[in-house]
Number of protein chains: 2
Amino acid sequence: MTDKKENILNAALELFAKEGFTATSTSKIAKKAGVSEGLIFRHFKNKDGLLEAILHEGEERIKILFANIIFETNAKKVIDLVFDMVLGIAASSDATDFWKLQYKIKWELEMYAESKMEPLELALTNAFKKLAFNNPEMEARSLLIIMDGLAMRYFLQKDFDINSAVNFLREKFKQ
Amino acid sequence: MTDKKENILNAALELFAKEGFTATSTSKIAKKAGVSEGLIFRHFKNKDGLLEAILHEGEERIKILFANIIFETNAKKVIDLVFDMVLGIAASSDATDFWKLQYKIKWELEMYAESKMEPLELALTNAFKKLAFNNPEMEARSLLIIMDGLAMRYFLQKDFDINSAVNFLREKFKQ
DNA sequence: TTAGAGTAAGTAAGTACTCACATAATAATT
DNA sequence: AATTATTATGTGAGTACTTACTTACTCTAA
């Protein structure tokens with residue numbers, strides 16, 4: 001991958017996350033990346049292709065992030081790691097941009113990729129089963145719903161205290 | 001309010017909720033509403049003004065919806081009514097469009113109006129206090145976070161079973 | 001020498017918005 | 001009551017500008 005191609009991907013990620021996909025023009029991306037507008041179309045065919053490339057890179061990233069949780073055998077730790085993941089995203093500004101884009105795209109283009117979350121949901125179900133919860137499937141699903149709620153607040157509500165919210169909810173899943 | 005003005009508001013609500021604010025052009029709205037494009041600007045000054053008018057109508061609607069919950073004195077019922085509200089939104093297709101817009105706009109324009117939810121959060125805090133929960137503030141906040149998570153899934157995940165999710169989570173807040 | 005990386009200057013189709021003008025409803029004045 | 005003046009509602013054709021995308025071209029490295 002050439003430098004300029006990477007510049008385009010970085011600039012697009014940042015702008016899409018900040019302004020949204022439709023509101024970000026290819027000329028804005030080119031300017032930010034320091035390249036000619038035509039180069040975007042040389043490398044990615046069209047604007048959709050550029051988004052696809054970013055999302056594809058993202059999938060790899062998500063896989064790696066999830067792998068650490070999925071391969072954990074201690075049930076209690078699995079649940080804890082999911083909460084830690086949220087705090088981890090909030091701690092890294094690079095990860096924040098990336099995850100914000102994931103959510104923004106979900107709302108703007110209405111493409112909820114359930115399959116992406118499936119392995120995590122399965123790992124959680126298994127963990128709750130081990131801990132003898134009497135509805136492990138729903139318990140796992142609920143936890144992921146809560147994650148979405150937390151993410152939403154974190155990204156959109158300026159003064160949101162994610163740490164205290166995460167720690168409180170963590171306790172709710174302990175007994 | 002004239003018929004044509006109302007047509008514009010309805011068409012815009014539907015299109016904004018479906019396609020997003022930026023992605024919806026004023027010409028599309030005019031066509032759907034069956035009016036000339038110029039009339040939009042006569043009535044609402046500009047595209048932002050049109051959105052503002054829709055959002056303002058929405059605020060009144062939210063106030064009415066919340067009032068029923070806030071004036072409930074039975075603590076257990078307050079919590080139950082919040083869950084009922086979510087199911088109510090899912091049951092009415094008209095309410096669905098309206099609430100979907102609220103969320104879409106949040107993400108697209110990144111304006112999270114915390115103040116809108118404040119009275120509801122207060123009522124919930126009070127309810128949890130009455131029920132002797134030992135962190136009623138966080139309990140209330142968590143419930144609203146969960147509502148956001150539920151809304152997100154309902155609007156974006158096609159096969160999401162909101163009824164079973166709501167009923168399961170309802171139980172979690174009972175003891 | 002040939003393919004990929006890169007650019008500047010285009011393109012047609014849209015974008016939000018304006019303006020001159022027509023008509024309908026309301027108010028004021030005879 | 002009848003006429004006039006004034007506003008509010010509505011339109012169609014236009015505006016300047018932006019949009020995603022193309023094309024013809026140059027440069028560079030293998």
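Chain letters run A, B, ... following the sequence lines, proteins first, then strands; residues in each count from 1.
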When you list every nucleotide of DNA chain D with an atom under 4.0 Å from a heavy atom of chain B, which one comes first 5' to 3', and which comes last?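 Contact boundaries, 5' end first: D:dT9 to D:dT11.
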Test side-chain contact (heavy atoms from CB on, under 4.5 Å) applied to B:I29 and B:K32, step by step: CA-CA 5 Å; B:I29 295 165; B:K32 183 164 190 120; 5.9 Å; no
Whole-Å distance between C:dA16 P and B:K47 NZ?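 Whole-Å distance recorded here is 4 Å.
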Let me know the distance between CZ of B:F41 and P of C:dT15, rounded to the nearest Å.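 For the pair B:F41 CZ and C:dT15 P, the rounded distance is 11 Å.
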Selection: residues 2-33 of chain B, any non-hydrogen atom under 4.0 Å of DNA chain C: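 B:T24, B:S25, B:T26, B:S27, in order of number.
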Taking transitive links into account, so neighbours of neighbours count too, which hydrophobic residues share a cluster with A:I64 at under 4.5 Å side-chain distance?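 Members besides A:I64: none; it forms no cluster.
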Lys/Arg N to Asp/Glu carboxylate O, A:R153 vs A:D148, below 4.0 Å: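 A salt bridge is absent here (no side-chain N lies under 4.0 Å from a carboxylate O).
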State whether B:R61 and B:D94 are salt-bridged, where the test is any N-O pair (Lys NZ or Arg NE/NH1/NH2 against Asp/Glu carboxylate O) under 4.0 Å.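 Result for this pair is yes, salt bridge flagged.
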Examine the side chains of A:T26 and A:E37 and answer whether a donor and an acceptor come within less than 3.5 Å of each other.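 Result is yes, a qualifying pair exists.
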State whether a side-chain donor-acceptor pair under 3.5 Å links A:N167 with A:S164.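 Side-chain D/A pair, A:N167 to A:S164: absent.
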Ignoring backbone atoms, establish whether A:H43 has a side-chain N or O less than 4.0 Å from OP1 or OP2 of C:dG4.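 It does not, given that no N or O in the side chain of A:H43 lies less than 4.0 Å from OP1 or OP2 of C:dG4.
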A:K47: salt bridge (charged side-chain N to carboxylate O under 4.0 Å, His left out) partners, not counting sequence neighbours: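 For A:K47, no residue satisfies salt bridge (charged side-chain N to carboxylate O under 4.0 Å, His left out) once neighbours in sequence are set aside.
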Considering residues at least two apart in sequence or located in another chain, which fulfil the ring-ring contact (aromatic ring centres under 6.0 Å, His included) criterion with B:F133?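 ring-ring contact (aromatic ring centres under 6.0 Å, His included) check on B:F133 returns B:F128.
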Report yes or no: is the cationic atom of A:K116 (NZ for Lys, CZ for Arg) under 6.0 Å from the centre of the six-membered ring of A:F66, at an angle within 45° of the ring normal?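 No.
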Would you say the side-chain atoms of A:K104 pair up with the backbone N or O of A:K18, donor to acceptor, closer than 3.5 Å?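 Yes; at least one donor-acceptor contact below 3.5 Å.
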Scan nucleotides 19-25 of chain C nucleotide by nucleotide, 5' to 3', and note B when protein non-hydrogen atoms come under 4.0 Å of the base, S if they reach only the sugar-phosphate, - if neither. -------
